[in-house]
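Structure, as structure tokens:
A note on names: the letters A, B, ... follow the listed sequences, proteins ahead of strands, and every chain is numbered from 1.
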Protein chains: 2
Amino acid sequence: MSTASIELVFQALADPTRRLMVERLSRGPATVSDLAEPFAISLSAVVQHLNFLEASGLVHTQKVGRVRTCRIKPAALRGAEQWFAARRTSWERRLDRLADYLAETGDPARKGNA
Amino acid sequence: MSTASIELVFQALADPTRRLMVERLSRGPATVSDLAEPFAISLSAVVQHLNFLEASGLVHTQKVGRVRTCRIKPAALRGAEQWFAARRTSWERRLDRLADYLAETGDPARKGNA
DNA sequence: GTGATACTTAAGTGGCGCCTTCACTATGTC
DNA sequence: GACATAGTGAAGGCGCCACTTAAGTATCAC
């Protein structure tokens with residue numbers, strides 16, 4: 001996942017309305033009106049959020065007749081999830097190096113504990 | 001991870017400066033000045049970002065003398081990662097149900113009722 | 001003590017983000 | 001054709017957010 005994309009994904013999810021829309025869509029496809037229903041905002045505002053979600057790559061939409069059906073794109077979610085995994089492994093590797101260092105230098109505190 | 005917390009985490013990561021600070025800290029602890037070094041903004045701005053990161057739970061800081069040392073809090077990263085995992089399983093469960101439904105009613109090799 | 005370093009806090013500014021309304025198009029129903 | 005439904009697009013308001021500068025505090029070195 002590109003830097004620009006992860007940027008947009010986090011920006012998209014930073015807004016509570018958009019995050020709830022993603023949660024809704026992860027349970028299955030929905031129309032624009034379906035998505036709008038739980039919110040006390042104008043349909044226009046919902047469409048703007050939807051456009052943002054589509055630009056971020058989190059959501060794909062398809063218009064048939066006058067109805068626009070929205071679905072999540074699991075790949076985008078997976079990409080964001082992997083960003084966290086990368087941070088975690090970076091952190092874990094550092095701990096490993098630290099452990100190696102302590103083992104090599106014969107850290108007394110480490111030897112003393114069991 | 002609470003709703004309020006995931007909110008703050010995504011808001012924190014939506015800003016490129018803060019995201020880079022998190023990436024830096026996932027490679028090991030740093031002082032405020034260390035964190036500020038790559039950025040062409042005032043130290044004051046960096047501290048404001050840092051306060052946000054601390055409020056979001058992503059980062060912990062500790063002041064010794066006049067130096068403030070910053071570390072990531074892996075639990076917060078893990079919590080955010082799990083938000084994505086939950087969406088994914090929600091999506092996968094739906095696919096499973098769909099498969100079951102097709103097996104029962106739509107599959108040419110269906111058995112039993114109709 | 002003096003001076004330097006490492007932040008810290010407060011106040012102010014500019015821009016962007018979320019929302020609204022209103023006018024509009026396109027499609028489906030009768 | 002007439003009406004309803006589903007969504008679109010533009011223009012504007014208002015608040016928040018990232019940033020600045022400037023002044024201040026606390027610690028360290030001498």
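Expressed to the nearest 0.5 Å, how far CG of A/L53 lies from CG of A/D15 amounts to 9.0 Å. Atoms CZ and OG1, from A/R93 and A/T89 in turn, are 5.5 Å apart once rounded to the nearest 0.5 Å. For the atom pair CG (B/L13) and CD (A/E7), the distance works out to 10.5 Å, reported to the nearest 0.5 Å.
Between D/dA6 and A/K63, no contact under 4.0 Å exists linking OP1 or OP2 to a side-chain N or O. Proximity of A/H49 to the phosphate of C/dC19: a side-chain N or O atom is located under 4.0 Å from OP1 or OP2.
Side-chain atoms of A/D34 come within 3.5 Å of backbone atoms of A/T31 as a donor-acceptor pair (strictly under, hydrogens ignored). At least one donor-acceptor pair under 3.5 Å links the side chain of A/R18 to the backbone N or O of A/Q11. Not one N or O on the side chain of A/N51 forms a donor-acceptor pair closer than 3.5 Å with the backbone of A/Q48.
Across the protein-nucleic acid pair, B/Q11 atom CD and C/dC16 atom C1' stand 15 Å apart, rounded to whole Å. Here the C1' atom of nucleotide D/dT8 and the CZ atom of A/R68 are 9 Å apart, to the nearest Å. Per the geometry, CD belonging to B/E37 stands 15 Å off C1' belonging to C/dA6, to the nearest Å. Protein atom CG of A/L50 is 16 Å distant from nucleotide atom C1' of C/dC19, rounded to whole Å. For A/N51 and D/dA10, the CG to P distance is 11 Å, given to the nearest whole Å. One interatomic measurement links the two molecules: CG of A/L8 to P of C/dG17, which rounds to 11 Å at whole-angstrom precision. Taking atom CD1 on A/I41 and atom C1' on C/dT21, their separation rounds to 14 Å, with Å as the unit.
Cation-pi geometry between B/R78 and A/F84 is not satisfied (NZ or CZ under 6.0 Å from the ring centre, within 45° of the ring normal). Taking the centre and axis of the six-membered ring of B/W91, the NZ or CZ atom of B/R87 falls outside the cone set by 45° and 6.0 Å. Remark: A/R19 is not positioned above the aromatic ring of B/F10, lacking an NZ or CZ atom under 6.0 angstrom from the ring centre and at most 45 degrees off the axis.
A donor atom on one side chain and an acceptor atom on the other are not found under 3.5 Å apart for A/R71 and A/H60. Side-chain atoms of B/T61 and B/R68 form a donor-acceptor pair, as typed in the model, at a separation below 3.5 Å.
In this structure, of D/dA18, C/dT8, D/dT8, it is C/dT8 that holds the atom nearest to the side chain of B/L43.
Remark on DNA chain C: of its neighbouring residues B/V47 and A/A45, the 5'-side contact belongs to B/V47, judged by nearest-heavy-atom nucleotide.
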- prompt: Quick one: what's the B/S/- string for nucleotides 23-30 of chain C, heavy-atom cutoff under 4.0 Å, read 5' to 3'?
  reply: ----BS--
What does the list of N/O pairs under 3.5 Å between the protein and nucleotides 10-13 of chain C look like, with a distance for each?
unit_1: C/dA10; atom_1: N6; unit_2: B/S44; atom_2: OG; d: 3.4

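Contacts between residues 13-35 of chain A and DNA chain C, defined by a heavy-atom separation below 4.0 Å, involve A/D15, A/T17, A/R18, listed by number.
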